[in-house]
Student: 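Structure in structure tokens, see below.
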Amino acid sequence: MKKRIVLKLSGRIFGMDNNEKLLKDYATFLVKISKVCQPIVVAGGGKIARHYISHARSSGADESTLDELGIEVSRLNAKLLIYALGGKAYPHPPTTLAETRHAVDSGLIVVTGGLHPGQSTNGTAALIAEKVHASEFLNATDVDGIYDSDPNKNPRAKKFKKIELKALRSLLVKEDSVAGGYDLMDIVALKVIERSKIKTRVIKAEIPTIEKAIRGQAVGTEIAL
């Protein structure tokens, strides 16, 4: 059986700023890499999800409703990638962990979005990695790894090649947990990674970097258990 790799893809890839070619490039890459592993992709909601969440929040929607909105958008993003993959992908985004497990058993490339309110797509990806016994969880984000502070705001931010899970947890305590506000990782994801000893790496959402990570090269930041 091929090894299974869970890949969380930044919602930015599906955003309106990108042309359709980028998604097709990802589809071509996933088909190529599926010869050496089975990719299980979790699509983020990105800017479009944040747009909907912001509008609904200003109308007084509660946080769990906002989470549901974000999940809907991430599933639409997942569908875009499924269409680009054609017959190589499971035909629709699974909506529960059990359904995801069933989809993965098909041997096809599986693309899903969020599953449960209160969880970021990072938390969802970690739970899926646990459920399907994935050999690795790759979190492909807008930055090229984990830093000691936000590299977009602090030009002197230091990047970790490897970070202990406990140290990462204390960095994350400062983060928001409102809908649409998740970034690199969240506490749910870390708990799952810790309890199931899931090999995890945070990398830049770029095809060459993702390919290097899948092939075992040390890119981005490794989360040490």
Student: To the nearest 0.5 Å, how far apart are CD in Glu164 and NZ in Lys162?
Tutor: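 The NZ atom of Lys162 is 7.5 Å from CD of Glu164, to the nearest 0.5 Å.
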Student: With sequence neighbours left out, what residues match Lys159 under side-chain hydrogen bond (donor to acceptor under 3.5 Å, both in side chains)?
Tutor: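 With sequence neighbours excluded, Lys159 shows a side-chain hydrogen bond (donor to acceptor under 3.5 Å, both in side chains) to no residue whatsoever.
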Student: Counting N and O atoms only, with roles assigned by atom type, does the side chain of Arg201 sit under 3.5 Å from a partner on the main chain of Val219, one being a donor and the other an acceptor?
Tutor: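 Yes: the side chain of Arg201 pairs with the backbone of Val219.
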Student: For the CZ atom of Arg195 and the NZ atom of Lys191, what is their distance to the nearest 0.5 Å?
Tutor: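 Result: 9.5 Å between the selected atoms.
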Student: Please say whether more than 12 non-hydrogen atoms of neighbouring residues, nucleotides or ligands are located less than 6.0 Å from OH in Tyr52.
Tutor: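 No, the 6.0 Å shell around OH holds no more than 12 heavy atoms from other groups.
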Student: To the nearest 0.5 Å, tell me how far Ile198 CD1 sits from Leu127 CG.
Tutor: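 Between Ile198 CD1 and Leu127 CG, I get 8.0 Å after rounding to 0.5 Å.
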Student: Do Thr100 and Lys131 make a side-chain contact, defined as non-hydrogen atoms from C-beta onward lying under 4.5 Å apart?
Tutor: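 The answer is no; the side chains never approach within 4.5 Å.
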Student: Does the side chain of Asp142 reach to within under 4.5 Å of the side chain of Ser10, using non-hydrogen atoms?
Tutor: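 They are in side-chain contact.
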Student: With hydrophobic residues grouped by side-chain heavy-atom distances under 4.5 Å, do Ile163 and Ile203 end up in a single group?
Tutor: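 Different clusters.
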Student: Can you establish whether the number of heavy atoms outside Lys212 located under 6.0 Å from its atom NZ is more than 12?
Tutor: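 No, NZ of Lys212 has 12 or fewer neighbouring heavy atoms, counting only those of other groups under 6.0 Å.
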Student: Using atom types as modelled and distance alone, determine if a side-chain donor or acceptor of Arg169 lies under 3.5 Å from a backbone N or O of Ile187.
Tutor: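 Checking the backbone N and O of Ile187 against the side chain of Arg169, no donor-acceptor pair under 3.5 Å is found.
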Student: Which heavy atom of Ala49 sits nearest a heavy atom of Val73, and at what distance?
Tutor: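 Heavy atoms of Ala49 and Val73 come nearest at N-CG1, 3.7 Å.
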Student: For Glu211 and Arg215, what are the C-alpha separation, side-chain angles and deciding distance, and is it a salt bridge (Lys or Arg N to Asp or Glu O under 4.0 Å)?
Tutor: CA-CA 6 Å; Glu211 180 159 13; Arg215 295 192 185 277; 3.1 Å; yes
Student: Are the side chains of Thr221 and Leu168 in touch, meaning some heavy atoms are under 4.5 Å apart?
Tutor: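 No, every pair of side-chain atoms sits at 4.5 Å or beyond.
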Student: Which heavy-atom pair separates His55 from Ser58 by the least distance, and what is that distance?
Tutor: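 Between these two residues, the closest heavy atoms are O-OG, 2.7 Å.
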Student: Quick one: side-chain hydrogen bond (donor to acceptor under 3.5 Å, both in side chains) partners of Ser54, sequence neighbours excluded?
Tutor: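 With sequence neighbours excluded, Ser54 shows a side-chain hydrogen bond (donor to acceptor under 3.5 Å, both in side chains) to no residue whatsoever.
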Student: Hydrophobic clusters here meaning ILVMFWY residues chained together by side-chain heavy-atom distances under 4.5 Å, can you tell me if Ile71 and Val111 are in one?
Tutor: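 No.
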Student: Under 3.5 Å, side chain of Ser106 to main-chain N/O of His102, donor-acceptor pair present?
Tutor: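 Flag not set: sc Ser106 to bb His102 has no pair under 3.5 Å.
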Student: Establish whether Leu23 and Phe29 are linked, either directly or via other cluster members, by ILVMFWY side-chain heavy-atom contacts under 4.5 Å.
Tutor: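 Hydrophobic grouping puts Leu23 with Phe29.
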Student: Would a single hydrophobic cluster contain both Ile128 and Leu138, if residues Ile, Leu, Val, Met, Phe, Trp and Tyr are joined by side-chain heavy-atom contacts under 4.5 Å?
Tutor: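 Per the 4.5 Å side-chain linkage, Leu138 and Ile128 are not co-clustered.
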Student: For Thr141 versus Val143, what's the shortest heavy-atom pair and its separation?
Tutor: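 Distance-wise, the nearest heavy atoms are OG1-O, 2.8 Å.
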Student: Please report the shortest heavy-atom distance between Ala43 and Ser74, naming the atom on each side.
Tutor: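 Smallest interatomic distance, heavy atoms only, reads O-CB, 3.3 Å.
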Student: Decide whether Val202 and Ile210 are clustered together by the hydrophobic rule: side chain heavy atoms of Ile, Leu, Val, Met, Phe, Trp, Tyr closer than 4.5 Å, transitively.
Tutor: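 Val202 does not cluster with Ile210.
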Student: For salt bridge (Lys or Arg N to Asp or Glu O under 4.0 Å), just list the numbers for Arg57 and Glu63, CA-CA rounded to whole Å, side-chain angles, deciding distance to a tenth of an Å, and then say yes or no.
Tutor: CA-CA 8 Å; Arg57 185 178 276 129; Glu63 288 295 317; 3.3 Å; yes
Student: Grab the two heavy atoms, one from Ala61 and one from Leu66, that are nearest each other, plus how far apart they are.
Tutor: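 Closest approach of Ala61 to Leu66: CB-CD2, 3.7 Å.
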Student: Atom CG of Asp25 and atom CG of Leu30: how far apart are they, to the nearest 0.5 Å?
Tutor: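 Going from the CG atom of Asp25 to the CG atom of Leu30 covers 11.0 Å.
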Student: Is the backbone N or O of Gln119 less than 3.5 Å from a side-chain atom of Asp186, with the two atoms forming a donor-acceptor pair by type?
Tutor: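 Checked: no pair found.
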Student: State which residues pass side-chain contact (heavy atoms from CB on, under 4.5 Å) with Lys3; sequence neighbours excluded, sorted by chain then number.
Tutor: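 Testing Lys3 for side-chain contact (heavy atoms from CB on, under 4.5 Å), a comparison that skips the adjacent residues, returns Ile5, Cys37, Ser135.
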Student: Using the side-chain hydrogen bond (donor to acceptor under 3.5 Å, both in side chains) criterion, which residues pair with Ser64? Sequence neighbours excluded.
Tutor: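 side-chain hydrogen bond (donor to acceptor under 3.5 Å, both in side chains) check on Ser64 returns Asp62.
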Student: Taking the side chain as everything from C-beta on, heavy atoms only, tell me whether Met1 gets closer than 4.5 Å to Gln38.
Tutor: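 The answer is no; the side chains never approach within 4.5 Å.
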Student: Check the surroundings of atom NZ in Lys2: do more than 12 heavy atoms from other residues, nucleotides or ligands lie under 6.0 Å from it?
Tutor: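 Yes, NZ of Lys2 has more than 12 neighbouring heavy atoms, counting only those of other groups under 6.0 Å.
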Student: Please output the side-chain donor-acceptor pairs of residues 79-98 that fall under 3.5 Å, not counting sequence neighbours, one pair per line with the distance.
Tutor:
{"unit_1": "Thr95", "atom_1": "OG1", "unit_2": "Glu99", "atom_2": "OE1", "d": "3.0"}
{"unit_1": "Thr96", "atom_1": "OG1", "unit_2": "Glu99", "atom_2": "N", "d": "3.0"}

Student: How many angstroms lie between atom CZ of Arg12 and atom CG of Asn77, to the nearest 0.5 angstrom?
Tutor: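 One gets 12.5 Å once the value is rounded to the nearest 0.5 Å.
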Student: Can a donor-acceptor pair be found, under 3.5 Å and without considering hydrogens, that links the side chain of Asp148 to the backbone of Lys158?
Tutor: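 A pair under 3.5 Å: yes.
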Student: Short question: side chain of Asp144, backbone of Lys204 - any donor-acceptor pair under 3.5 Å?
Tutor: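 It does not hold such a pair.
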Student: Has Thr200 got a side-chain atom pairing as donor or acceptor with Ile223's backbone, closer than 3.5 angstrom?
Tutor: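 The answer is no, because no donor-acceptor pair under 3.5 Å joins these two groups.
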Student: Which atom pair, heavy atoms only, marks the closest approach of Val192 to Ala126?
Tutor: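 Smallest interatomic distance, heavy atoms only, reads CG1-O, 3.4 Å.
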Student: Output all residues satisfying salt bridge (charged side-chain N to carboxylate O under 4.0 Å, His left out) with Arg156, sequence neighbours left out; order by chain, then residue number.
Tutor: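 In terms of salt bridge (charged side-chain N to carboxylate O under 4.0 Å, His left out), with neighbours along the sequence ignored, Arg156 is linked to no residue.
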Student: Find the distance between CG (Leu9) and OH (Tyr26) and round it off to the nearest 0.5 Å.
Tutor: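 OH of Tyr26 is found 5.5 Å from CG of Leu9.
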